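What follows is one structure encoded as C-alpha cells, with my remarks underneath.
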Amino acid sequence: MKKFFLIVFAAVSLVACKKKPEPSYQGLIAGKAAVEYYGYLQRHNFASFVDGMYYKNPIPKEYRALLEKNAEIFAHEQDSLHNGIKAVKLSKADIMPKDTALAAVYLSLTFGDGANEEVLVPMVKRKNVWYMK
C-alpha cells in the first residue's frame, strides 16, 4: 500500500511541477509582431498600429482614418485613466493546431499607475507576415 501512495504522490508531484509550455517558433514570431504593433500604440504611432491590422481588401481612406482615430482615442483614454501604457510584454502565444496561420497572442500591458492587464490579440499570417485580426 505504501508503494501505491508513493507512486501516486510522485505522479502528482510531476504534474504539479510541469513547466508552462514554451511558445513554438511561429508563436514567438506572432507574439513579437503583436508586441511591436502594441508598441506603436504605446508610442502614439497610430498609422503604424493600423498598418498591423489585416484586411483582405484595401480599406477606404475614410475607414482607415476612423481606425486611426479610434486607436488615438483609446491611447488617450489610457493616458488619462492609467498614466498611459508603460510596457508591453508577451505573455503567451498559441498557434492554432488546425490552422497554423492563426494564433492567439496574450500580451501583458503595464500602465503608468502600476495596473496590469492581459489582452488577447488574435493574429493571422498572410504572405509570411503576422497581422492583428
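None of the values given here were measured: they were computed from a predicted structure. Reckoned from all heavy atoms, side chains included, excluding hydrogens, waters and symmetry mates.
L81 and L41 sit in two unconnected hydrophobic clusters of ILVMFWY residues. Membership requires side-chain heavy atoms under 4.5 Å apart, directly or through other members. M53 and I59 fall within a single hydrophobic cluster, where Ile, Leu, Val, Met, Phe, Trp and Tyr side chains are chained together by heavy-atom contacts under 4.5 Å. Hydrophobic clustering of Ile, Leu, Val, Met, Phe, Trp and Tyr side chains at less than 4.5 Å, counting indirect connections, unites Y25 with V35. Following chains of ILVMFWY side-chain contacts shorter than 4.5 Å, one can reach M96 starting from V121, so the two form part of one hydrophobic cluster. V129 and V50 fall within a single hydrophobic cluster, where Ile, Leu, Val, Met, Phe, Trp and Tyr are joined by side-chain heavy atoms under 4.5 Å apart, directly or via other members.
Listed by chain and residue number, N45, R64, E68 satisfy the side-chain contact (heavy atoms from CB on, under 4.5 Å) test with A47 (two or more places apart in sequence, or in another chain). Listed by chain and number, the residues in a side-chain contact (heavy atoms from CB on, under 4.5 Å) with P60 are E62, Y63 (sequence neighbours excluded). Scored by the side-chain contact (heavy atoms from CB on, under 4.5 Å) test, T110 finds A87, N116 as partners (sequence neighbours excluded). Looking at residues two or more places apart in sequence or on another chain, you find a side-chain contact (heavy atoms from CB on, under 4.5 Å) between D113 and H82, N83, F111, A115.
Rounded to the nearest 0.5 angstrom, K125 NZ and T100 OG1 are separated by 6.5 Å. Here the straight-line distance linking atom NZ of K89 with atom CG of L109 works out to 11.5 Å at 0.5 Å rounding. Between I29 atom CD1 and M123 atom CE the span is 11.0 Å, to the nearest 0.5 Å. Here the CG-CG distance, from D94 to L102, works out to 12.5 Å after rounding to the nearest 0.5 Å. Note that the CZ atom of F49 and the CG atom of L67 stand 9.5 Å from one another [nearest 0.5 Å]. Here CD of Q26 is found 6.0 Å from CH2 of W130. Values are rounded to the nearest 0.5 Å.
By the 4.5 Å heavy-atom criterion applied to side chains, R126 and Y54 are counted as neighbours. Looking at Y37 and Y131, their side chains come closer than 4.5 Å, going by heavy atoms from C-beta outward. For the pair E72/H44, no side-chain contact is recorded, criterion being any heavy-atom separation below 4.5 Å from C-beta on.
Partner V105 forms a side-chain contact (heavy atoms from CB on, under 4.5 Å) with one of L90, I95, L28 and no other, that one being L90.
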Ring pair (Phe, Tyr, Trp, His ring centres under 6.0 Å) assessment of H76 paired with F74: CA-CA 6 Å; H76 290 304; F74 174 79; over 10 Å; no
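No hydrogens or angles considered: a donor-acceptor pair under 3.5 Å links the side chains of E118 and S91. Remark: the Q42 side chain and the Y38 side chain contain no N/O donor-acceptor pair separated by less than 3.5 Å.
Residue pairs meeting the salt bridge (charged side-chain N to carboxylate O under 4.0 Å, His left out) criterion with at least one partner in residues 77-86, sequence neighbours excluded, do not occur; the list is empty.
Closest heavy-atom contact between G27 and A93: O-CB, 3.1 Å.
Through direct or relayed side-chain contacts under 4.5 Å between Ile, Leu, Val, Met, Phe, Trp and Tyr, I73 connects to no other residue.
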